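Handing you this structure, nothing more for now.
This structure is a prediction, so every number in the text was calculated from the model and none was measured.
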Amino acid sequence: MKRTLFALIAVVISLGSAGPLSACTSAVISGKVTPDGRPLLWKNRDTDFPQNSVRYFSGGRYPFVAVVNSVEDNPTDVWIGTNTAGFSVMNTQSYNLVEVKPGEERGEANGRVMRRALEVCATVKDFRQFLDTLSKPSLIEANFGVIDAEGGAAMFEVDYHKYVMYDANDPKDAPCGYIARTNFSFSGKVNEGAGYVRFMQEDKLLMPASATGQITPQWIFRELSRSFANPLLGIDLKSGDFNRPKTTGWFVDQDFIARGSTASSVVVQGVKKGERPELTTMWTVLGYPPTGVAMPVWVKGADKALPRLLLRDEAEKVSPLGNWSVILAGDVFSYGQGMGSDRYMNWERLYNADKNGYMQLLAPVEDEVFRRAGTVLKEWRKRGRADMKAMRSLYNELDAFIETRYAELFEL
């Protein structure tokens with residue numbers, strides 16, 4: 001184990017703090033392999049904007065909700081979202097599709113293209129046609145994941161002039177019913193880009209889970225969003241071998257799916273064919289996923305009601321829940337002596353033998369959120385529609401519950 005630790009430290013020292021900050025991890029999962037038949041769209045967002053929030057947008061053909069950078073008063077870019085037609089989109093930055101010119105921003109148009117797609121697209125087919133209409137060069141370099149209310153689920157690898165579509169419902173493209181992506185594209189240059197080790201880990205987990213009907217939003221948050229395994233090194237921090245008294249409890253943040261730069265994690269749970277698009281649910285964790293909690297968001301009535309803890313406080317320009325997560329993450333990444341020190345993480349703060357790590361304390365809080373929201377959502381699916389009164393009541397209930405638990409657990 002000590003040899004493994006020294007090897008990892010050596011790798012980090014050789015790399016320094018180099019490497020892409022937009023190191024997102026994602027997947028599109030067909031309803032064919034989920035236990036309830038509903039497609040899923042997942043993204044762990046890595047960025048140098050740690051404060052994220054949820055915002056409602058109107059003015060286009062379809063109103064929508066999306067995750068944005070909280071610092072922006074009038075964001076032109078969005079990073080994952082879903083609209084009233086049940087169309088949802090996310091991206092991961094690719095690094096092996098385009099030869100970027102000096103001074104050119106990689107994937108400059110990625111965020112604003114997703115905003116426009118949410119305004120005008122209702123289906124995966126619409127999104128494909130939308131890409132066809134974009135002027136070239138498009139200034140896009142991304143893997144776009146999309147799902148719709150008709151069961152559509154696909155990944156598009158898009159560069160300045162063309163794209164390649166992979167259909168999660170087609171066994172030729174997705175033999176196990178899912179398409180996973182990090183920061184390289186299968187249609188790009190071989191062994192270039194980023195995120196290969198993270199891809200190994202998500203594929204390692206998704207393949208057996210897809211065969212056994214385990215993939216749900218809760219499973220994704222637990223097993224993927226908060227994964228601390230590195231398959232290349234053959235380690236999993238949750239094994240207990242990296243905690244006291246075996247080690248100091250400190251480790252190096254390198255190639256885990258949950259990273260110090262992860263600012264949000266979202267799973268959009270679509271609907272079955274024939275269900276109303278308004279039942280599409282955007283399960284949202286703001287901030288560093290190991291110190292955050294998921295909350296449900298629906299587009300219906302979002303102009304009047306959304307979870308208060310996910311909305312930007314206009315004075316502070318942060319969302320309350322996202323900010324609490326960022327504060328706790330600062331305690332995890334608290335070592336600050338010299339260059340590269342931000343790569344060291346206090347694993348004991350997140351997970352330990354006494355079961356009082358932040359991630360361990362918040363797990364039952366999130367379980368309770370899913371229990372309460374799941375009861376309401378089950379009733380809506382039975383009735384075939386969402387009830388606004390019940391939705392506002394649920395938002396208020398969850399806001400109060402989560403705020404109380406963070407205050408009790410962490411005095412925040």
Open item on the list: Between Ser185 and Gly188 (side chain of the first, backbone of the second, donor and acceptor by atom type, cut-off under 3.5 Å), is there such a pair?
Closed with: no
- [ ] Would you confirm whether Arg115, through its side chain, and Pro75, through its main-chain N or O, come within 3.5 Å as a donor-acceptor pair?
- [x] yes
- [ ] Using modelled atom types only, decide if a donor and an acceptor are shared between the side chain of Asp77 and the backbone of Val68 within a distance under 3.5 Å.
- [x] no
Task: Distance-only side-chain donor-acceptor flag, Asn243 / Trp347, under 3.5 Å - done: yes
Open item on the list: Glu366 and salt bridge (Lys or Arg N to Asp or Glu O under 4.0 Å): which single residue from Arg405, Arg371, Arg226 fits?
Closed with: Arg226
Task: Approximate separation, where rounding is to 0.5 Å, of Leu398 CG and Ser393 OG - done: 9.0 Å
TODO: Could you walk me through whether Met165 and Val146 pass side-chain contact (heavy atoms from CB on, under 4.5 Å), step by step?
DONE: CA-CA 11 Å; Met165 175 185 170; Val146 293; over 6 Å; no
- [ ] May I ask you to check whether Phe144 and Tyr163 place their ring centers less than 6.0 Å from one another?
- [x] no
TODO: Examine distances only and state if a side-chain atom of Thr291 and a backbone atom of Ser325 form a donor-acceptor pair shorter than 3.5 Å.
DONE: yes
Open item on the list: Just verifying a value: how many Å separate Glu108 CD and Ser138 OG, rounded to the nearest 0.5 Å?
Closed with: 10.5 Å
- [ ] Considering only NZ, NE, NH1 and NH2 on the basic side and carboxylate oxygens on the acidic side, decide whether Asp73 and Arg312 come within less than 4.0 Å.
- [x] yes
Task: Enclosure of Glu99 CD (heavy-atom neighbours >12, cutoff 6.0 Å) - done: no
Open item on the list: Less than 3.5 Å apart, any donor N or O on the side chain of Tyr196 or Asp255 sitting next to an acceptor on the other?
Closed with: no
TODO: Using atom types as modelled and distance alone, determine if a side-chain donor or acceptor of Thr281 lies under 3.5 Å from a backbone N or O of Leu279.
DONE: yes
Open item on the list: Can a side-chain donor-acceptor contact be found between Glu157 and Ser187 if the only test is distance below 3.5 angstrom?
Closed with: yes
Open item on the list: With side-chain contact (heavy atoms from CB on, under 4.5 Å) as the test, pick out the partner of Ile140 among Asp159, Val98, Leu97, Asn110.
Closed with: Asn110
Open item on the list: Contact between Thr34 and Gln269 at the side-chain level, heavy atoms closer than 4.5 Å - yes or no?
Closed with: no
- [ ] Kindly indicate whether the side chain of Met295, heavy atoms from C-beta on, has any atom under 4.5 Å from the side chain of Asp399.
- [x] yes
Task: Taking every non-hydrogen atom, the tightest pair across Ile179 and Arg181 - done: CG2-NH1, 3.4 Å
Task: Donor-acceptor side-chain pairing of Gln214 and Thr212 below 3.5 angstrom - done: yes
Open item on the list: Return the OG to CD1 distance between Ser225 and Ile220, rounded to the nearest 0.5 Å.
Closed with: 7.0 Å
Task: Test side-chain hydrogen bond (donor to acceptor under 3.5 Å, both in side chains) applied to Thr92 and Asn143, Asn44, Thr25, the passing residue - done: Asn143
Open item on the list: Is it the case that the side chains of Ser94 and Asn96 hold a donor-acceptor pair, with the cut-off being a distance below 3.5 Å and no angle test?
Closed with: yes
Task: Distance-only side-chain donor-acceptor flag, Trp42 / Ser265, under 3.5 Å - done: yes
Open item on the list: Between Lys43 and Asn91 (side chain of the first, backbone of the second, donor and acceptor by atom type, cut-off under 3.5 Å), is there such a pair?
Closed with: yes
Open item on the list: What I'd like to find out is whether the side chain of Pro307 reaches to under 4.5 Å of the side chain of Val297, using heavy atoms alone.
Closed with: yes
Open item on the list: Just so I know, are the side chains of Asn169 and Lys32 near enough to count as touching, which here means a heavy-atom distance under 4.5 Å?
Closed with: yes
Task: Close side-chain approach of Gln360 and Asn352, heavy atoms under 4.5 Å - done: yes
TODO: Identify the two heavy atoms, one from Phe221 and one from Ala294, that lie closest to each other, and give their separation to 0.1 Å.
DONE: CE1-CB, 3.6 Å
Open item on the list: With a 6.0 Å cut-off on the ring centroids, do Phe242 and Tyr351 count as close?
Closed with: no
TODO: Please find out if less than 6.0 Å separates the ring center of Tyr288 from that of Phe333.
DONE: yes
Task: Nearest non-hydrogen partners of Ser88 and Thr82, listed with the distance - done: OG-OG1, 2.8 Å
Task: Candidate pair Phe199 and Phe184, rule ring pair (Phe, Tyr, Trp, His ring centres under 6.0 Å), full reasoning - done: CA-CA 9 Å; Phe199 175 82; Phe184 67 94; 5.6 Å; yes
Open item on the list: Tell me if a side-chain donor or acceptor on Thr216 pairs with a main-chain N or O of Trp219 at a distance below 3.5 Å.
Closed with: yes
TODO: Look up atom CD1 in Ile235 and atom CG in Asp241, then write down how far apart they are to the nearest 0.5 Å.
DONE: 10.0 Å
Task: Heavy-atom side-chain contact between Ile147 and Val28 under 4.5 Å - done: yes
TODO: Verify the neighbour count for atom CD of Glu314: are there more than 12 heavy atoms of other residues, nucleotides or ligands below 6.0 Å?
DONE: yes
Task: Check: Asn230/Gln201 side-chain N/O donor and acceptor closer than 3.5 Å - done: no
Open item on the list: Strictly below 4.0 Å, N to O, side chains only: are Arg55 and Glu72 in salt-bridge contact?
Closed with: no
Open item on the list: Side chains of Thr280 and Phe87, heavy atoms from C-beta outward: is any pair under 4.5 Å?
Closed with: no
Task: Distance, nearest 0.5 Å, that separates CG of Leu205 from CE of Met207 - done: 11.0 Å
Open item on the list: Looking at Glu150, is its backbone amide N or carbonyl O close enough to the side chain of Asp148 to form a donor-acceptor pair, meaning the two atoms are under 3.5 Å apart?
Closed with: yes
TODO: Verify whether one side chain among Arg198 and Asn183 offers a donor that lies under 3.5 Å from an acceptor in the other.
DONE: yes
Open item on the list: Whether Glu275 and Arg38 form a salt bridge (side-chain N of Lys/Arg under 4.0 Å from carboxylate O of Asp/Glu) is what I want to check.
Closed with: yes
TODO: Please name the pair of heavy atoms, one in Phe370 and one in Pro217, separated by the smallest distance, quoted to 0.1 Å.
DONE: CE2-CB, 4.0 Å
- [ ] Answer yes or no: does atom NZ of Lys389 have more than 12 heavy-atom neighbours from other residues, nucleotides or ligands under 6.0 Å?
- [x] no
- [ ] May I ask you to say whether Asp36 pairs ionically with Lys272, meaning some side-chain N is under 4.0 Å from a carboxylate O?
- [x] no
- [ ] Provide the closest heavy-atom pair for Leu361 versus Lys355 in the form atom of the first, atom of the second, distance.
- [x] CD2-O, 4.1 Å
Open item on the list: Working to the nearest 0.5 angstrom, can you tell me the gap between Arg61 CZ and Asp126 CG?
Closed with: 7.5 Å
- [ ] Say whether, by atom type as modelled, one donor and one acceptor occur between the side chain of Asn83 and the main chain of Ala85 under 3.5 angstrom.
- [x] yes
Task: Under 3.5 Å side-chain donor-acceptor pair for Asn52 and Ser70 - done: no
- [ ] State, without any angle test, whether Gln337 and Tyr335 hold a side-chain donor-acceptor pair at a distance under 3.5 Å.
- [x] yes
TODO: Name the orientation class of the two ring planes belonging to Phe57 and Phe64 (parallel below 30°, tilted from 30 to 60°, perpendicular beyond 60°).
DONE: parallel
- [ ] Would you please test Val299 and Tyr62 for side-chain contact (heavy atoms from CB on, under 4.5 Å) and show each step?
- [x] CA-CA 10 Å; Val299 185; Tyr62 303 107; over 6 Å; no
Open item on the list: Contact between Phe156 and Phe127 at the side-chain level, heavy atoms closer than 4.5 Å - yes or no?
Closed with: yes
Open item on the list: Keeping Gln51 on the side-chain end and Val318 on the backbone end, is there a donor-acceptor pair under 3.5 Å?
Closed with: no
Open item on the list: Under a 3.5 Å threshold, yes or no: a donor from one side chain and an acceptor from the other, between Asp46 and Ser261?
Closed with: yes
Task: Where Asp167 and Ala174 come nearest, the two heavy atoms and their spacing - done: O-CB, 3.9 Å
